[in-house]
Structure formats: structure tokens, C-alpha cells
Amino acid sequence: QVQVAESGGGLVQPGDSLKLSCVASGSTFRHTMGWFRQSPGKERDFVASISWNSGTTDYANSVQDRFTISRDKVKNAVYLQMNSLKPEDTAVYYCAAAVNIRNLKPGATVDGYEFWGRGTQVTVSS
């Protein structure tokens with residue numbers, strides 16, 4: 001089993017930056033890590049993902065060119081650098097791990113990830 005824990009959320013103004021961190025522990029194996037976000041009354045939406053081994057990344061159109069996902073294999077950590085933040089980026093951000101070898105490309109689907117953190121709040125407001 002993989003345990004996931006996020007940190008780094010906070011209250012910022014439009015145009016500011018934040019860097020979220022996610023530490024994975026327990027089982028060593030995971031093939032993909034992802035970031036999702038959810039606002040009250042809305043579905044949990046895909047933000048970005050990264051292949052653990054290759055480092056291949058994917059982004060939602062809404063964050064393309066503003067957010068960057070990365071990972072540190074030694075620290076078993078993934079990060080989400082968020083720049084030029086907008087009020088519409090306000091949400092609880094979740095880190096997720098995919099381990100099912102029968103679905104090696106979970107992509108933007110919530111069901112493709114088996115283990116989730118409890119979330120960290122990001123609020124962008126003036």
C-alpha cells in the first residue's frame with residue numbers, strides 16, 4: 001500500500017506562486033503520480049501527472065504553461081509548481097498514486113489512481 005501526503009497550500013493573491021509537495025511512503029512501487037483539484041460542488045478534476053520512471057508529464061489545458069509537475073525519485077516526492085495563480089485555481093489539491101499495472105496510463109481519470117492524499121487547500125484571492 002502507498003501512503004500519500006500533500007503540503008504547501010495556502011492563501012495567495014492573483015499572480016502569486018505556490019509550490020505543493022507530495023511525499024509517498026509505504027510500498028516503493030508506483031508508476032504514475034498525479035495532481036487533482038476539487039472545488040465545492042464540483043467534480044475532482046485533473047491537473048497534472050508524471051510517469052515515475054520516464055518523467056513524462058501531462059497537463060490540463062487550464063494550467064498548461066503556468067504549472068509544472070516534477071518528481072524526486074530519491075525522496076519519493078512529487079511537486080507542483082504553480083505560477084501566475086488565478087482565483088479560479090482555488091481548490092483543494094490532491095496528490096494521487098497509480099500502481100495498477102493493468103492501467104499504466106491512468107492519465108486524467110480519477111479512477112486510474114488507487115491511493116490519495118487528504119488534500120491541501122489553495123486559495124487565490126485579493
Side-chain angles (χ1 to χ4, degrees):
Q1 185 171 345
V2 178
Q3 295 173 313
V4 180
E6 314 95 335
S7 63
L11 173 63
V12 298
Q13 296 183 353
D16 284 355
S17 297
L18 274 178
K19 187 174 184 178
L20 305 182
S21 298
C22 171
V23 177
S25 60
S27 175
T28 301
F29 178 80
R30 84 285 287 164
H31 60 75
T32 308
M33 298 293 294
W35 286 99
F36 291 74
R37 64 187 182 185
Q38 187 169 23
S39 299
K42 297 183 178 180
E43 296 180 345
R44 188 167 297 187
D45 293 326
F46 171 76
V47 176
S49 68
I50 186 167
S51 171
W52 192 251
N53 289 328
S54 71
T56 301
T57 59
D58 191 25
Y59 297 93
N61 289 337
S62 59
V63 305
Q64 185 75 42
D65 300 323
R66 296 190 298 121
F67 292 9
T68 302
I69 187 172
S70 61
R71 88 261 194 262
D72 186 329
K73 299 181 73 174
V74 174
K75 296 181 178 180
N76 290 313
V78 295
Y79 308 96
L80 186 67
Q81 178 66 50
M82 304 183 293
N83 298 326
S84 301
L85 284 162
K86 305 174 181 179
E88 49 264 45
D89 295 318
T90 296
V92 176
Y93 283 70
Y94 297 90
C95 182
V99 303
N100 190 346
I101 62 173
R102 298 193 181 198
N103 184 10
L104 295 176
K105 296 182 178 180
T109 62
V110 170
D111 290 344
Y113 300 80
E114 291 79 31
F115 301 100
W116 295 80
R118 307 195 78 173
T120 184
Q121 177 71 48
V122 173
T123 302
V124 185
S125 176
S126 60

Which residue pairs pass the salt bridge (charged side-chain N to carboxylate O under 4.0 Å, His left out) test when at least one of the two sits in residues 47-67, sequence neighbours left out? Arg66-Asp89
NZ on Lys19 to OG1 on Thr68, rounded to 0.5 Å: 10.0 Å
Listed once per pair and sorted, the disulfide (SG to SG under 2.5 Å) pairs that draw on residues 36-76, sequence neighbours left out: none
Considering only Ile, Leu, Val, Met, Phe, Trp and Tyr, and joining two whenever side-chain heavy atoms are under 4.5 Å apart, list the other residues clustered with Leu11. none
Enclosure of Glu43 CD (heavy-atom neighbours >12, cutoff 6.0 Å): no
Restricting to pairs with a member in residues 105-114, which pass side chain to side chain donor-acceptor pair (under 3.5 Å), not counting sequence neighbours? none
What is the minimum heavy-atom distance between Ala60 and Phe46, and which atoms define it? CB-O, 3.4 Å
How far apart are the closest heavy atoms of Pro106 and Gly112, and which atoms are they? CB-O, 3.3 Å
Hydrophobic cluster membership, Val78 vs Phe29, 4.5 Å side-chain cutoff: no
Pairs where residues 53-98 contributes a residue and the test ring-ring contact (aromatic ring centres under 6.0 Å, His included) is met, not counting sequence neighbours: none
Specify the closest pair of heavy atoms between Leu20 and Trp35, including all atoms of both residues, with the distance to one decimal. CB-CH2, 3.7 Å
All side chain to side chain donor-acceptor pair (under 3.5 Å) counterparts of Gln81, not counting sequence neighbours: Asn83
Suppose we screen for side chain to side chain contact (heavy atoms under 4.5 Å, CB included). Which residues come up paired with Lys73, at least two apart in sequence or across chains? Trp52, Asn53, Arg71
So which atom in Phe36 and which in Ala108 form the shortest heavy-atom distance, rounded to 0.1 Å? CE2-O, 3.5 Å
When Ile50 is tested against each of Thr56, Thr32, Leu80, Ile69 for side chain to side chain contact (heavy atoms under 4.5 Å, CB included), which residue passes? Ile69
If you group Ile, Leu, Val, Met, Phe, Trp and Tyr by side-chain heavy-atom gaps below 4.5 Å, do Val12 and Val63 land in one group? yes
Counterpart residues, side chain to side chain donor-acceptor pair (under 3.5 Å), relative to Ser51 (two or more places apart): Ser54
Suppose the criterion is disulfide (SG to SG under 2.5 Å): which pairs have a residue in residues 19-108, not counting sequence neighbours? Cys22-Cys95
The criterion is side chain to side chain donor-acceptor pair (under 3.5 Å); which residues satisfy it with Ser62, sequence neighbours excluded? Arg37
Do Val110 and Leu104 sit in the same hydrophobic cluster, where Ile, Leu, Val, Met, Phe, Trp and Tyr count as joined when their side-chain heavy atoms come under 4.5 Å apart? no
Name the atoms and distances for all side-chain donor-acceptor pairs under 3.5 Å in residues 119-126, with sequence neighbours left out.
| unit_1 | atom_1 | unit_2 | atom_2 | d |
| --- | --- | --- | --- | --- |
| Thr120 | OG1 | Gly9 | N | 3.1 |
| Gln121 | NE2 | Ala91 | O | 3.4 |
| Gln121 | NE2 | Thr123 | OG1 | 3.3 |

Once salt bridge (charged side-chain N to carboxylate O under 4.0 Å, His left out) is applied, do any residues pair with Arg44, and if so which ones, sequence neighbours excluded? none
